[in-house]
Amino acid sequence: MEDRKIRVRFAPSPTGGLHLGGVRTVLYNYLFARQQQGTFVLRIEDTDQSRYVPGAEEYIYKCLAWCGLLPDESPLKPGAYGPYRQSERKPLYLKYAEQLIARQQAYYAFDTAEELDKMRSYFKTEENPSPQYDRHTRMNMKNSLVLTEAETQQLIHSNTPYVIRIKMPENEIISFTDMVHGEVSFNSSLVDDKVLLKADGMPTYHLAVVVDDFLMKITHAFRGEEWLSSAPVHILLWKYLFGLEWMPQWAHLPLILGPHGKLSKRDGAKYGFPVFAMNWTDPKTNELTEGFYEKGFLPEAFINQLAVLGWNDGSEQELFDINELIAKFSLDRVHTSGAKFDFEKAKWFNQEWIKKLSVSQLRIPIKQIFEDKGIAIQDEDAFDSIIELVKDRCTLLPDFYIQASYFFKKPEQWDVASVKPKWNLEKSEFFNALIKKMNDLPHWEMHEIENIFKSLATEKNIKAGELQLPFRVMLVGGKFGPAVFMIAEKIGKDETIGRVSAALNIFNA
RNA sequence: GCCGCGUUGGUCAAGGGGUUAAGACGCCUCCCUUUCACGGAGGAAUCACGGGUUCGAAUCCCGUACGUGGUACCA
């Protein structure tokens with residue numbers, strides 16, 4: 001048991017966007033697998049045909065690829081334990097359900113949806129708003145526990161739809177040791193008779209997760225804490241079907257919360273931050289939910305923040321690359337309590353990673369942004385130096401466009417308001433004279449430009465400082481950016497002169 | 001309602017019987033910078049509450065409150 005090869009899995013259901021919590025679960029799986037020289041498998045939990053969403057599975061691969069968290073085994077890259085889509089494993093599950101029935105650990109139930117509703121509303125009281133299908137109610141229902149063997153067989157043979165439910169034992173303490181929560185226990189009397197096999201022959205999550213984790217030899221199972229309350233069902237199933245000694249070690253990860261509790265797509269829309277890894281468009285409603293990728297996050301930053309949202313190494317370090325995470329990650333330092341996602345901090349992580357990465361690593365995504373905006377980059381070396389010049393001012397990737405587009409085209413508008421109040425004839429004349437001086441300048445180089453600028457200012461008896469701001473606004477459009485004379489050097493003599501005279505017309509108007 | 005899991009500044013968090021209760025984000029002040037940032041120096045702000053145990057509790061125990069998840073032929 002102890003020397004089994006480590007195998008972990010991420011098992012999403014392809015029903016929509018991949019949210020923060022999902023990515024973090026992938027990440028912890030990935031880190032653990034890499035650290036332990038194990039195998040990371042991706043299994044698609046598509047047992048609910050009514051929730052099938054076209055494109056969702058491809059989307060998951062895309063997100064994992066962007067994050068750099070690719071699985072070792074998946075539907076696209078099958079290993080020895082396929083198929084990796086539960087819908088394709090359908091024939092596997094029935095025999096396990098029947099085995100449970102044979103041992104009276106499960107039973108057939110023929111209740112229709114209407115009959116279930118009826119039962120629930122009949123037993124519903126103020127104290128018990130949601131009655132369960134359990135030891136209190138099951139003997140009032142239509143199932144093989146109350147029907148005779150002959151009646152049951154008759155119903156099955158006449159193709160009456162049925163499900164198979166687990167028969168929860170009475171008053172048994174079910175406990176296990178969770179890798180993050182420690183000892184957790186439940187009383188079986190309080191757990192309902194969960195459906196294991198649906199009327200369409202598909203297993204529910206409860207059966208599928210146990211059967212597949214066994215068949216795929218999963219050793220450690222990470223999932224969100226929302227699954228903790230159904231853990232007793234899974235544990236019982238392991239005990240009945242395969243033996244507890246083969247059960248993976250569970251780790252129920254704390255939830256990632258939004259500003260007001262559970263993180264929802266709504267929060268993202270409402271507070272202006274993404275909740276999905278990448279843009280997701282619901283094919284039915286056409287509704288678009290923004291992703292971190294499109295928002296301009298670096299995968300390194302995204303992963304880094306998710307890693308430390310619920311885990312830390314005990315030191316003051318906050319910035320980790322993937323290799324450090326692989327080396328340092330440990331389940332016993334994963335928190336037990338949920339954490340609110342803080343978009344401000346997310347931006348900080350991105351900014352830090354922009355500073356951390358080399359220009360050549362940054363170039364590709366930034367170049368893409370410029371090209372999407374219609375600015376073709378021919379000279380990559382020049383582009384690199386511009387990236388270097390402005391990177392301290394950027395927190396999200398699109399900021400590079402805002403901070404550097406004026407190197408490639410003249411400003412679309414000028415921040416006239418910050419110039420106008422102090423604008424006068426003398427200043428206007430200064431710039432006219434400056435145009436001439438610049439024109440005559442043989443070496444177009446920042447210090448030389450600065451020299452003529454300052455000596456002209458002295459000559460005209462105006463403080464150079466008061467002229468630099470208008471000059472800046474003329475060249476970049478606003479009050480931002482690196483040293484003005486550097487900008488002038490980069491955009492060139494003709495362009496500088498052109499922008500000064502164009503702006504002069506506006507300022508003098 | 002019932003069951004599970006939680007609770008250290010606004011947020012992320014370290015600390016797990018004796019600490020001036022780290023650090024980070026955000027916020028504020030100042031320095032640097034005749035732009036915006038970066039950077040630097042400071043500041044405000046925390047152990048949910050009530051009982052125990054103990055010489056001593058943020059740390060251990062019990063309650064309460066609050067939050068959160070579950071309570072589907074969804075995962």
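Letters go in sequence order (proteins before strands), and every chain restarts at 1. Small disclaimer: the values here were computed from a predicted structure and weren't measured.
- The residue A:Val184 sits close only to the backbone: its heavy atoms come under 4.0 Å of sugar-phosphate atoms, none of a base.
- The side chain of A:His181 lies closest to B:rG6, out of B:rG6, B:rG69, B:rA75.
- Summary of the strand contacts: A:Trp348 and A:Val163 both lie near RNA chain B, and taking for each the nucleotide with the nearest heavy atom, the more 5' one is attributed to A:Trp348.
- Taking the six-membered ring for Trp and thresholds of 30 and 60 degrees, A:Tyr108 and A:Tyr162 have ring planes more than 60 degrees apart, a perpendicular arrangement.
- Comparing B:rU7 with B:rA13, their C1' atoms sit 14 Å apart, to the nearest whole Å.
- Among the protein residues, A:Lys463 comes within range of no part of the nucleic acid, since none of its heavy atoms lies under 4.0 Å from any strand.
- The A:Leu469 side chain lies nearest to B:rU35 when the options are B:rU35, B:rA14, B:rA24.
- Applying the 4.0 Å criterion to OP1 and OP2 of B:rC73, one finds that A:Arg120 has a side-chain N or O inside that range.
- With both pairing distances under 3.5 Å, B:rA58 is matched to nothing as a Watson-Crick or G-U wobble pair.
- Ring-plane geometry between A:Phe329 and A:Trp311 is classed as tilted, the angle between the planes lying from 30 to 60 degrees on a 0 to 90 degree scale.
- Candidate nucleotides B:rC36, B:rG69, B:rA24 were compared by shortest atom distance to the side chain of A:Arg393, and B:rC36 ranks first.
- A:Lys198 has a side-chain polar atom (N or O) that falls below the 4.0 Å cut-off from OP1 or OP2 of B:rC74.
- Going from atom OH of A:Tyr52 over to atom P of B:rA75 covers 16 Å, rounded to whole Å.
- Base-pair partner of B:rU53: not found among the strands shown (Watson-Crick or G-U wobble, both distances under 3.5 Å).
- As judged by a 4.0 angstrom heavy-atom cut-off over every strand, A:Asn128 is placed among the base-contacting residues.
- Salt bridge absent: A:Asp46 and A:Arg51 never bring a charged side-chain N and a carboxylate O closer than 4.0 Å.
- For the pair A:Arg393 and A:Phe480, the cation-pi test (distance below 6.0 Å, angle within 45°) is failed.
- Among the atoms of the strands shown, base atoms are found under 4.0 Å from some heavy atom of A:Pro482.
- Here the nucleotide nearest the side chain of A:Ser130, chosen from B:rU71, B:rC73, B:rG39, is B:rU71.
- For the C1' atoms, the distance from B:rC61 to B:rU71 is 30 Å, rounded to whole Å.
- If you take atom C1' in B:rG67 and the same atom in B:rC25, they sit 23 Å apart, rounded to whole Å.
- Between B:rG10 and B:rA44, the two P atoms lie 15 Å apart (nearest whole Å).
- Comparing B:rC73, B:rC12, B:rA22 against the side chain of A:Glu316 picks out B:rA22 as the nearest.
- In this structure, B:rC66 forms a base pair with B:rG6, meeting either the Watson-Crick or the G-U wobble geometry with both donor-acceptor distances under 3.5 Å.
- If you check every strand for non-hydrogen atoms under 4.0 Å, A:Ser50 touches nothing.
- Rounded to the nearest Å, the gap between the C1' atom of B:rG50 and that of B:rC66 is 14 Å.
- For the pair A:Phe341 CZ and B:rC12 C1', the interatomic distance rounds to 11 Å; values are reported in whole Å.
- A:Phe485 and A:Phe471 have tilted rings, their planes meeting at an angle from 30° to 60° on a 0 to 90° scale.
- The distance between atom CH2 of A:Trp227 and atom P of B:rG6, rounded to the nearest whole Å, is 20 Å.
- If you check every strand for non-hydrogen atoms under 4.0 Å, A:Arg223 touches nothing.
- Because its glycosidic torsion is more than 90° from 0, B:rC60 is reported here as anti.
- Nearest nucleotide to the side chain of A:Phe480, out of B:rC5, B:rU35, B:rC74: B:rU35.
- Taking atom CZ of residue A:Arg165 and atom C1' of nucleotide B:rU71, one finds them 13 Å apart after rounding to whole Å.
- Atom P of nucleotide B:rA75 and atom CD1 of A:Ile60 are separated by 14 Å, given to the nearest angstrom.
- A 3.5 Å limit on both hydrogen-bonding distances identifies no Watson-Crick or G-U partner for B:rA45.
- Here the C1' atom of nucleotide B:rU34 and the CD atom of A:Gln468 are 6 Å apart, to the nearest Å.
- Residue A:Lys355 is classed as a sugar-phosphate contact, given heavy-atom separations below 4.0 Å to backbone atoms only.
- Distance from the side chain of A:Ser13 is smallest to B:rA75 among B:rA75, B:rG69, B:rA72.
- Each of A:Glu183 and A:Leu116 has a nearest nucleotide on RNA chain B; the 5'-most of these lies closest to A:Glu183.
- When both distances must be under 3.5 Å, the Watson-Crick or G-U wobble mate of B:rC73 does not exist.
- B:rG9 and B:rC27 are spaced 12 Å apart, taking the C1' atom of each and rounding to whole Å.
- Picking from B:rA75, B:rC5, B:rA24 the nucleotide with the shortest atom distance to the side chain of A:Thr47 gives B:rA75.
- Ring-plane geometry between A:Phe343 and A:Phe341 is classed as tilted, the angle between the planes lying from 30 to 60 degrees on a 0 to 90 degree scale.
- Remark: the A:Lys345 side chain and the B:rA24 base include a donor-acceptor N/O pair separated by less than 3.5 Å.
- Residue A:Asn187 places none of its side-chain N or O atoms closer than 4.0 Å to OP1 or OP2 of B:rC3.
- The listed nucleotides are B:rG26, B:rA14, B:rC73; the one nearest the side chain of A:Glu344 is B:rG26.
- Regarding A:Glu450, its CD atom lies at a distance of 13 Å from the C1' atom of B:rU33, rounded to whole Å.
- We find that A:Glu495 and A:Lys409 are not joined by a salt bridge, their nearest charged nitrogen and carboxylate oxygen being 4.0 Å or further apart.
- Nucleic acid contact class of A:Gly310 (heavy atoms, under 4.0 Å, all strands): sugar-phosphate only.
- For B:rA75, neither phosphate oxygen OP1 nor OP2 lies less than 4.0 angstrom from any side-chain nitrogen or oxygen of A:Arg51.
- Closest to the side chain of A:Glu226, out of B:rG15, B:rA75, B:rC3, is B:rA75.
- A:Ala339 comes within 4.0 angstrom of the backbone, heavy atoms only, and of no base.
- Residue contacts for A:Gln351: at a heavy-atom cut-off of 4.0 Å it reaches the sugar-phosphate backbone alone, with no base atom in range.
- Salt bridge status for A:Asp193 with A:Arg138: present, with a side-chain N to carboxylate O gap under 4.0 Å.
- Across all strands shown, A:His335 has heavy atoms under 4.0 Å from sugar-phosphate atoms exclusively, and none from any base.
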CA sep, side-chain torsions, deciding dist, call: A:Phe349, A:Leu319, side chain to side chain contact (heavy atoms under 4.5 Å, CB included) = CA-CA 8 Å; A:Phe349 274 103; A:Leu319 263 20; 3.7 Å; yes

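- As judged by a 4.0 angstrom heavy-atom cut-off over every strand, A:Asp111 is placed among the base-contacting residues.
- The interatomic distance linking A:Gln317 (CD) with B:rA14 (C1') rounds to 14 Å, in whole Å.
- Salt bridge status for A:Lys454 with A:Glu459: absent, with no side-chain N to carboxylate O gap under 4.0 Å.
- The residue A:Thr336 sits close only to the backbone: its heavy atoms come under 4.0 Å of sugar-phosphate atoms, none of a base.
- At the heavy-atom level, A:Ser315 lies nowhere under 4.0 Å from the strands shown.
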